[in-house]
2 protein chains.
Amino acid sequence: MARKRFDDSSCSVARALNEVGDWWSLLVVLHAMYGTRRFVDFQQELGIARNILCDRLARLVDNQVLKKVDVGEHGSRFEYRLTEKGRDLFPIVIALRQWGDKWNPAPDQEPLDLRDRLTGRTIRPMEVQDADGKPLTVRDVFVPEGETATEDRLPGNRNKAG
Amino acid sequence: MARKRFDDSSCSVARALNEVGDWWSLLVVLHAMYGTRRFVDFQQELGIARNILCDRLARLVDNQVLKKVDVGEHGSRFEYRLTEKGRDLFPIVIALRQWGDKWNPAPDQEPLDLRDRLTGRTIRPMEVQDADGKPLTVRDVFVPEGETATEDRLPGNRNKAG
DNA sequence: GAATAAGGTTGCTTAAAGAAACCAGATTAG
DNA sequence: CTAATCTGGTTTCTTTAAGCAACCTTATTC
């Protein structure tokens with residue numbers, strides 16, 4: 001497969017994808033948000049090959065998305081917990097989930113109804129917002145100095161792989 | 001590689017990742033948002049192998065994230081444009097970008113400064129919000145009926161690969 | 001009318017994903 | 001106190017996809 005790595009890329013999206021942009025990493029993070037913490041539980045819930053899970057967990061720990069915590073008195077019992085960096089993937093996971101629910105709804109499953117614990121009210125759809133909270137589309141937006149946005153565009157750097 | 005597909009998965013995150021969860025697809029979408037529309041431009045900007053680009057574009061068209069438009073009078077000149085479904089990935093791309101800027105800032109690059117065209121003001125960080133726009137973390141949130149949220153958890157279905 | 005550009009396709013090589021077996025240290029069951 | 005089991009892996013092998021480069025066809029340009 002010879003997958004490319006973009007550690008050096010000047011594009012932050014490429015750098016983000018480098019850490020959580022493969023098939024399994026984000027699903028591992030998702031399940032960590034669901035509460036999963038143990039190797040075997042990830043393995044069973046995800047149906048992932050054990051060697052691949054090892055690799056993904058190690059990489060997520062390396063990238064400080066998860067931390068490996070030794071529970072159990074004499075070692076040999078570990079938990080993988082989200083770090084702040086990992087928890088900060090929450091908006092991405094939710095945005096993905098809402099996108100999936102909206103555009104590929106499962107016939108037998110109602111969409112995610114996630115609620116605020118305090119008020120009990122449903123969360124709102126993720127959206128890009130201006131400073132006042134007004135929703136913005138890709139067409140409403142531009143990058144200062146020089147480049148300007150036109151229809152369906154979002155100007156950014158034009159470097160390779162970014 | 002024998003990558004798994006999750007078309008049948010009951011998890012909408014897995015279904016979303018099925019469409020845009022590989023290395024290249026989301027970068028293609030990102031560049032489409034940057035304004036790229038032509039095969040050769042994607043190829044050069046991304047540095048992607050041409051057969052892989054073919055495959056990804058075809059899949060994105062199949063999944064109705066992009067549409068292939070025949071421009072040029074006698075055929076043989078095409079553009080790939082975002083559909084509404086594709087444009088709807090905007091929050092995901094921005095969330096990824098902000099996460100990358102926050103946690104893996106490039107030393108030589110200032111973070112994305114995306115602005116509202118009308119007001120000229122910088123967009124706000126993506127966040128999960130309650131109905132009133134109050135920001136919520138993974139700990140502030142629960143799923144109704146039965147399951148409840150505890151620290152670092154986000155309850156959801158416990159199905160395989162979900 | 002030859003050269004170049006656009007948009008691919010084909011064939012080969014390399015590397016990663018998947019499956020299953022194996023393994024060692026801790027815990028529990030009998 | 002020994003055997004079975006659980007946990008968290010590692011190893012080996014096979015399959016499949018990514019990367020590369022060459023090639024190909026249909027416009028358009030020179």
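A, B, ... follow the sequence lines: proteins, then strands. Residue 1 opens every chain.
Salt bridge annotation for A:Asp130-B:Arg115: absent, with no cationic side-chain nitrogen under 4.0 angstrom from a carboxylate oxygen.
Judged by distance alone with a 3.5 Å cut-off, no donor-acceptor contact links the side chain of B:Asp55 to the base of C:dG8. Scanning atom types as modelled, no donor and acceptor separated by under 3.5 angstrom connect the side chain of A:Arg38 and the base of D:dG8.
Distance from the side chain of B:Asn51 is smallest for C:dG11 among the nucleotides C:dA21, C:dG11, C:dG18. Candidate nucleotides D:dA18, D:dG9, C:dA6 were compared by shortest atom distance to the side chain of B:Arg77, and C:dA6 ranks first. Of the candidates C:dG7, D:dG9, C:dA17, the closest approach to any side-chain atom of A:Phe78 belongs to D:dG9.
Distance CZ (B:Arg56) to P (C:dG8): 15 Å, rounded to an integer number of Å. With rounding to whole Å, A:Gln44 atom CD is found 17 Å from C:dG18 atom C1'. Across the protein-nucleic acid pair, A:Leu46 atom CG and C:dG18 atom P stand 11 Å apart, rounded to whole Å. Taking atom CD1 of residue A:Ile52 and atom C1' of nucleotide C:dA15, one finds them 11 Å apart after rounding to whole Å. The interatomic distance linking A:Gln43 (CD) with C:dA19 (C1') rounds to 11 Å, in whole Å. Between the CZ atom of A:Arg50 and the P atom of C:dC23 there is a distance of 15 Å, given to the nearest Å. Across the protein-nucleic acid pair, A:Ile48 atom CD1 and C:dA16 atom P stand 15 Å apart, rounded to whole Å. If you take CG of A:Leu57 and P of D:dT10, they are 11 Å apart, rounded to a whole angstrom.
Looking at heavy-atom distances under 4.0 Å, B:Tyr80 makes contact with sugar-phosphate atoms alone, never a base.
Taking the centre and axis of the six-membered ring of B:Tyr80, the NZ or CZ atom of B:Lys68 falls outside the cone set by 45° and 6.0 Å.
The minimum heavy-atom distance between A:Arg124 and B:Gly133, with the atom names listed, is NH2-N, 3.6 Å.
With hydrogens and angles left out, the side-chain atoms of B:Asp113 and B:Thr122 include a donor and acceptor closer than 3.5 Å.
Contact between the side-chain N/O atoms of B:Lys68 and the OP1/OP2 oxygens of C:dA6 is not found at any separation under 4.0 Å. For D:dG19, neither phosphate oxygen OP1 nor OP2 lies less than 4.0 angstrom from any side-chain nitrogen or oxygen of B:Trp23.
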(request) Check the pair B:Ser25 / B:Glu19 against side chain to side chain donor-acceptor pair (under 3.5 Å), numbers first and verdict last. (result) CA-CA 8 Å; B:Ser25 296; B:Glu19 296 196 0; over 6 Å; no
